[in-house]
Amino acid sequence: MAREIKYLKIKLFVTGLTITVLLMFTLSIAYAADQQNALSETDVIWPVPDTGQTKCYDVQGYNLDIKYKEIICPSTGQSPYGQDANYTINPMFYTKFDTMGNALLDSATSWAMVKDNVTGLMWEVKTKKDGIKNYNDPHDADNTYTWYDTIVATNGGYSGTPGNGTDTEDFINALNSANYGGYSDWRMPTVKELAFIFDYSVTYPGPTISTDYFPNTISSFYWAGTTSSYNKYLAWGIYFNYYDGGHDYSLFKYGSHYVRAVRGGQEGSLNNFVDNGDGTVTDSTTGLVWQQETGTKMDWESAITYCENLETGGYTDWRLPTIKELRTIVDYSRHYPVIDSDYFPDTYPDFYWTSTTYSYNSSLAWGIHFDYGHGKRNKKGYNNYYVRAVRGGNPYQSTYDLLQWGYRGNDTFYCIDIFDADWNMIYQAADCGEGLHSYSPNKLNLKPGTYHWKVWSDSALNYHTKQEGFEGEFIVPGVQPESPYQSTYDLVRWEKRGNDTFYCIDICDENWNVYAGLQAIKCGEGFYSWSPRTFVNDVAKFLGTRSSVLSGFKFNWRVWSQAGYGGDGFEGSVICP
């Protein structure tokens, strides 16, 4: 049976088979048949969030005491193109939830949990940052805990330092006993997961995280649930202050530090490597493809240029990885080197560059030291270190402000067409260009409503064939034009409710119970329609089968806004034909 990673299991009985449909926020899915018709476990993509960096820097002035000057980010072919800010891949994107597990509008002023919509992880939010510890409230921002885990399989051979309500196991147990947010599967994050919510654009005074979603964060060290492989008395964590921020350290378990709980996702190592036999390795969990061999030692600018010009495995779209991406291939169960040498045999226990600049001092860039796995910083123009290139990463976006797509093979020249809600073309080749990978439809004079887009290139001139990642839908906000209620397999549509313009849609079972994890599967300003057919087709495509496999499956939908939830004209039923 396919594993639960960041998905919800819903059992559907179709022609005698139990099909497990796994739906995440972005509606990615996988399935398995019953025991007599079992399928092999389906790998799922765990996208790596963007670092948050939007600034680029020159590469002049190698004086150790001079910070590099901020510049307008260079274009393809200009030096030093290939910095972190040149690639916006999977931007950090969060949704607020209340204590009952209900999704909230982004404007909510009180919330208890935050969902990372890139990774699917649900995070605890801290409260009452007043300098006074209160262990009767596990969410108190000022509480610190010693590291303690009595489970042999996860404690690395040493349970740590127990307390009386003041250790990490007490903390996690308190959340689960209270069924916090309607869940009892809260746990300590891995060091990789904790790094995913770190914002590398934040500088002094910190904390280095989005306080719009994670208020009351202390600019200090937060524990992870990962024990050091080289010393069982140490456990990993990450500093969220501006100076040490981003450094992942392993500290003695008897130390008392801050903690933030997480749930969902997958525990342990992220890596599921595939040796492609062409000098590249694919991590089927993140979707990233890695250069297998280690590049020679060089400075930071040379590392960027080397990766941008690299041709290996039949691809030319290589780049220097971000700090978050490079950390995903670290294997914290190993050391010296801290990587799976079966797939990366010539990895040195040394520092490897990333494209991410240290925001507090732009003369430094981040990297990972592959002796024990620490994230560190080094001088861009003074030191020579190793390089490993990466490609891929799913830069897909589809919003009114930004349409973004990745690379198709070795194609570099792309055009984008814009369509109305019924896929009638209204702008052919709205933009074309070498290295064109994004477009902003807000520059067009479009009326409020739903629109579609498709991208074509040399290898996909027949772009009307659905191409995952190269087409999508966006909503132009504003006053909704006439669009009577509709609830069909092709289109679900509702009217404007009062003065409300922001709507969310939930998916329910036949008894109108919202499927756990399928609340607010889509929200938006000016969001007035949704396509069940597209949803079912995406399901079938992911399963590698025809949409007819879901024939007869019935589900209900409800729309909510500030003025109310469901009701006539704002809910309905759909049956797959």
Side-chain angles (χ1 to χ4, degrees), residues 113 121-181 183-198 206-209 214 216-241 243-263 265 267-268 332-333 335 372-375:
M113 301 176 294
L121 294 169
M122 183 78 78
W123 292 91
E124 173 211 14
V125 170
K126 297 297 183 180
T127 60
K128 301 175 183 176
K129 181 183 174 184
D130 56 9
I132 302 173
K133 297 179 180 181
N134 177 14
Y135 289 100
N136 291 322
D137 178 7
H139 311 296
D140 192 296
D142 302 292
N143 292 349
T144 59
Y145 301 84
T146 58
W147 197 99
Y148 187 62
D149 180 6
T150 58
I151 301 175
V152 175
T154 57
N155 66 21
Y158 175 62
S159 59
T161 304
N164 184 15
T166 60
D167 63 62
T168 56
E169 189 167 83
D170 290 336
F171 164 70
I172 294 298
N173 287 341
L175 267 62
N176 289 328
S177 295
N179 203 40
Y180 180 62
Y183 302 102
S184 58
D185 57 350
W186 293 96
R187 58 180 175 83
M188 294 280 287
T190 67
V191 64
K192 295 180 182 182
E193 292 169 336
L194 194 57
F196 282 161
I197 59 173
F198 191 96
T208 46
I209 196 171
F214 299 95
N216 304 306
T217 299
I218 307 293
S219 296
S220 188
F221 183 87
Y222 280 72
W223 283 121
T226 310
T227 292
S228 168
S229 65
Y230 62 89
N231 188 335
K232 65 181 180 181
Y233 300 104
L234 304 177
W236 287 93
I238 291 183
Y239 280 95
F240 282 82
N241 60 332
Y243 185 75
D244 290 315
H247 272 305
D248 35 8
Y249 282 106
S250 49
L251 302 181
F252 283 104
K253 294 179 177 180
Y254 58 70
S256 188
H257 301 289
Y258 299 98
V259 188
R260 188 187 303 279
V262 72
R263 62 167 301 276
E267 302 179 39
Y332 289 96
S333 69
H335 60 273
Y372 301 112
H374 296 91

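Only heavy atoms go into these numbers, but all of them, side chains included; no hydrogens, no water, no symmetry mates.
Taking the six-membered ring for Trp and the full ring otherwise, Tyr145 and Trp223 have centroids separated by 6.0 Å or more. In summary, the aromatic rings of Tyr258 and Tyr222 are positioned with their centroids under 6.0 Å apart. With ring centers used as reference points, His257 lies under 6.0 Å from Phe221.
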ask   = What's the verdict on side chain to side chain contact (heavy atoms under 4.5 Å, CB included) for Arg187 and Thr154, showing C-alpha distance, side-chain angles and the deciding distance?
value = CA-CA 11 Å; Arg187 58 180 175 83; Thr154 57; over 6 Å; no
inquiry  = What verdict does the side chain to side chain contact (heavy atoms under 4.5 Å, CB included) test give for Asn241 and Ser220, after you've listed the backbone C-alpha separation in whole Å, the side-chain angles of each residue and the deciding distance to 0.1 Å?
reply    = CA-CA 5 Å; Asn241 60 332; Ser220 188; 6.0 Å; no
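Heavy atoms of other residues, nucleotides or ligands lying less than 6.0 angstrom from OH of Tyr243 number 12 at most. More than 12 heavy atoms of other residues, nucleotides or ligands lie within 6.0 Å of OH in Tyr183, so this atom counts as buried by the packing criterion.
Taking all atoms of both residues into account, the shortest heavy-atom contact from Asp170 to Gly163 is OD2-O, 3.2 Å. The two residues Ile172 and Ala261 make their nearest non-hydrogen contact at CD1-CB, 4.0 Å. Closest approach of Phe198 to Ile238, counting heavy atoms only: CD1-CG2, 4.1 Å. Closest approach of Lys129 and Asn216 over heavy atoms only: CB-OD1, 3.5 Å.
In this structure a side-chain-to-backbone donor-acceptor pair under 3.5 Å is present from Thr227 to Asn155. In this structure, the side chain of Thr217 engages the main chain of Phe214 through a donor-acceptor pair within 3.5 Å. Looking only at distances, no side-chain donor or acceptor of Ser159 sits under 3.5 Å from a matching main-chain atom of Tyr148.
Asp185 and Arg263 are joined by a salt bridge, as a carboxylate oxygen and a charged side-chain nitrogen come within less than 4.0 angstrom of each other.
Counting only heavy atoms from C-beta outward, the side chains of Trp186 and Asn173 never approach each other to under 4.5 Å. Within the 4.5 Å cutoff, side-chain heavy atoms of Tyr332 are placed close to those of Asp248. With contacts defined as side-chain heavy-atom distances shorter than 4.5 Å, the pair His139/Leu175 qualifies. Residues Asn231 and Tyr158 fail the side-chain proximity criterion, which asks for heavy atoms closer than 4.5 Å. Residues Ile218 and Lys126 are not in side-chain contact: their nearest non-hydrogen atoms beyond the backbone lie 4.5 Å or more apart. Between Val262 and Glu124 there is no side-chain heavy-atom pair separated by less than 4.5 Å. Taking 4.5 Å as the limit, every side-chain heavy atom of Thr161 sits out of range of all side-chain heavy atoms of Asp167. By the 4.5 Å heavy-atom criterion applied to side chains, Asp140 and Lys133 are not counted as neighbours.
Rounded to the nearest 0.5 Å, atoms CG (Asp142) and CG (Asp137) are 10.0 Å apart. Atoms OG and OH, from Ser228 and Tyr249 in turn, are 14.5 Å apart once rounded to the nearest 0.5 Å. Rounded to the nearest 0.5 Å, atoms CZ (Phe240) and OG1 (Thr208) are 6.0 Å apart. Atoms CG and OG, from Leu251 and Ser256 in turn, are 11.5 Å apart once rounded to the nearest 0.5 Å.
With Ser250 as the fixed residue, the side chain to side chain donor-acceptor pair (under 3.5 Å) test singles out one of Tyr372, Trp236, Tyr230: Tyr230. Each of Met188, Glu169, Lys253 was scored for a side-chain contact (heavy atoms from CB on, under 4.5 Å) with Asp149, with one residue passing: Glu169.
For the residue pair Ser229/His335, the side-chain donor-acceptor check at 3.5 Å is satisfied.
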